[in-house]
Amino acid sequence: MSLDFSFLIPYIPQLAAAARVTLFIGVSSFVLALAVSVLVGVLRSGRLPWIADFLLGVYVEIFRNTPLLIQLFFIYYGLPTFGIVLTPVTAAVIGLSLNSGAYMSEVVRAAISSVNKGQYEAAFCLGYSRYQVFLHIVLPQAFRIALPTLMNYFTTMIKETSLVSVLSIAELTRVGSQIYARTLSPFEIYITIGAVYFVMTYSVALVSRWIEKKGIKWTP
Amino acid sequence: MDPLIRVDHISKSYGSHVILKDISLEIRQREILAVIGPSGAGKSTFIRCINGLEQVDSGSVSVHGQTVTSSASVAGRVGMVFQQFNLFPHYTAIDNIAAPLQTIKKMSRSRARERAAELLASVKLSDKALQYPATLSGGQQQRLAIARALSMSPDIMLFDEPTSSLDPELAHEVFDTIQTLAERHMTLVLVTHQMNMVKHFATRVLFLENGGIFFDGTFEDLTGAADPRIRQFLKKIYP
């Protein structure tokens, strides 16, 4: 068997465009998921009226206990039944961010609850209000605790974008399959696609490690 | 002179476990009160009721005539030093003092840092200003915690076993810092197991047992007491 990647050269612009789509969906979904998870995680750490806590719990459990693929199908094909028609990319970003947001909100909540009780007591004794303690003392410490896990979800999310190919979005996986159909060289094309995913996710891991080492100077 | 702190028939239980039983006491200005007693006697709970970290079940505590309802109601006026320091790990030494001054006292950053630098100097930590708490020794951390509590200009300082988690030579540094407060005639309440600290500082000693006041008097009276329970306790920690 001989490997020849040269046949891929004409497809480089197509692959680059697909990589941009993957990156766009991955990054925007992560940013939204982060917003969702901080909001839900913070709310569920506090004292909420039971109904609000219950509803947020329902959201988290539904998205954690059903397949992402079904969630994407539901959002793209199911929601039009209620008159909500979304473009494939919008449906993909909403699906991915709600799905990861559910998992990540539990990370945020756990990080907040792992901040030592003594931190609250010391701050209250000095005169911090509840809100000030949360903003100035608890959140920065929770951020440090949550960061490695949240960045891990970011790499997972980039890989999960391959699922949105089912919504006929011209992202890496779908474009790869199209090139395969035309060239019938699965080995070369899928190794190339895999390498592009690897570069993306490994870069995220490197950035994450850099933030942990250099960006945060304090240790607990 | 009105007492600085008035503790009026306070009781406190956790579930069916009674911690404090009907304790009444007045603490006057400039008094240095040492609170001693066996583990589980309610010493920590007692001072945590004074600063509102614990809510009393019945009775009341007042500071300067104002009833303590929560830690917020006396925040700043009652300084607290914890056994585990409870420094803010994400702030440098100087910011552990300056940040609360900015947030709570609404001081400008430069004014807060100026005041923090003075306080660091007073606990001999000027050279550690830009270090994070995790890089400081236990003794240095506790001195920083004392300086942070002092930054709010409290009327009284509470110490909850301030040297219990320190090696003896580090405990000595904290001892010296408390000494400077005593020389400035600050009102202090010290929960401690270290009898040398009681002997050296206390103008009054409170012996708590089973949630009640078993003895209230001077150190000399305590060591001269004939009561077998006091003698037995002293034999263990002050042979």
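Computed from a predicted structure; not experimentally measured. Each chain gets a letter, A, B and so on, in the order the sequences are listed, and its residues count up from 1.
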Measuring heavy-atom distances to chain A, does [X] have an atom under 4.5 Å in its side chain, in its backbone, in both, or in neither?
{"X": "B:Arg148", "answer": "both"}
{"X": "B:Leu158", "answer": "neither"}
{"X": "B:Phe85", "answer": "neither"}

Under a 4.5 Å heavy-atom cutoff, which of A:Ile216, A:Asn116, A:Ile137 has the most pairs with chain B?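 Maximum pair count with chain B is reached by A:Ile137.
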Quick one: which of [options] has the most heavy-atom pairs under 4.5 Å with chain A, could you say?
{"options": "B:His90, B:Met80, B:Gln84, B:Arg48", "result": "B:His90"}
{"options": "B:Pro100, B:Gly76, B:Pro89", "result": "B:Pro89"}
{"options": "B:Val74, B:Val78, B:Thr103, B:Leu53", "result": "B:Thr103"}

Measure up the A:Tyr77 and A:Phe73 rings against each other and bin them: parallel (under 30°), tilted (30 to 60°), perpendicular (over 60°).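 Rings of A:Tyr77 and A:Phe73: tilted, as their planes differ by 30° to 60°.
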Are B:Asn51 and B:Ser71 side-chain neighbours, meaning at least one heavy-atom pair lies under 4.5 Å?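 Heavy-atom side-chain distance check fails, nothing below 4.5 Å.
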Can the ring centroids of B:His172 and B:Phe175 be said to lie less than 6.0 angstrom from one another?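 For B:His172 and B:Phe175, the ring centres are under 6.0 Å apart.
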Hey, do the aromatic rings of A:Phe124 and A:Tyr128 have their centres closer than 6.0 Å?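 So the answer is no for these two rings.
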Would you sort out whether B:Phe159 and B:Phe82 count as a ring-ring contact (aromatic ring centres under 6.0 Å, His included), showing the intermediate values? CA-CA 6 Å; B:Phe159 293 83; B:Phe82 300 87; over 10 Å; no
Does CZ belonging to A:Arg64 count more than 12 external heavy atoms closer than 6.0 Å?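 Yes, CZ of A:Arg64 has more than 12 neighbouring heavy atoms, counting only those of other groups under 6.0 Å.
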By a 4.5 Å heavy-atom criterion (distance strictly below it), what part of [X] contacts chain B: side chain, backbone, both, or neither?
{"X": "A:Gln119", "answer": "both"}
{"X": "A:Lys217", "answer": "both"}
{"X": "A:Gln132", "answer": "side chain"}

Can you name the closest pair of heavy atoms from A:Leu126 and B:Ala75 and give their distance?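 Looks like C-CB, 4.1 Å.
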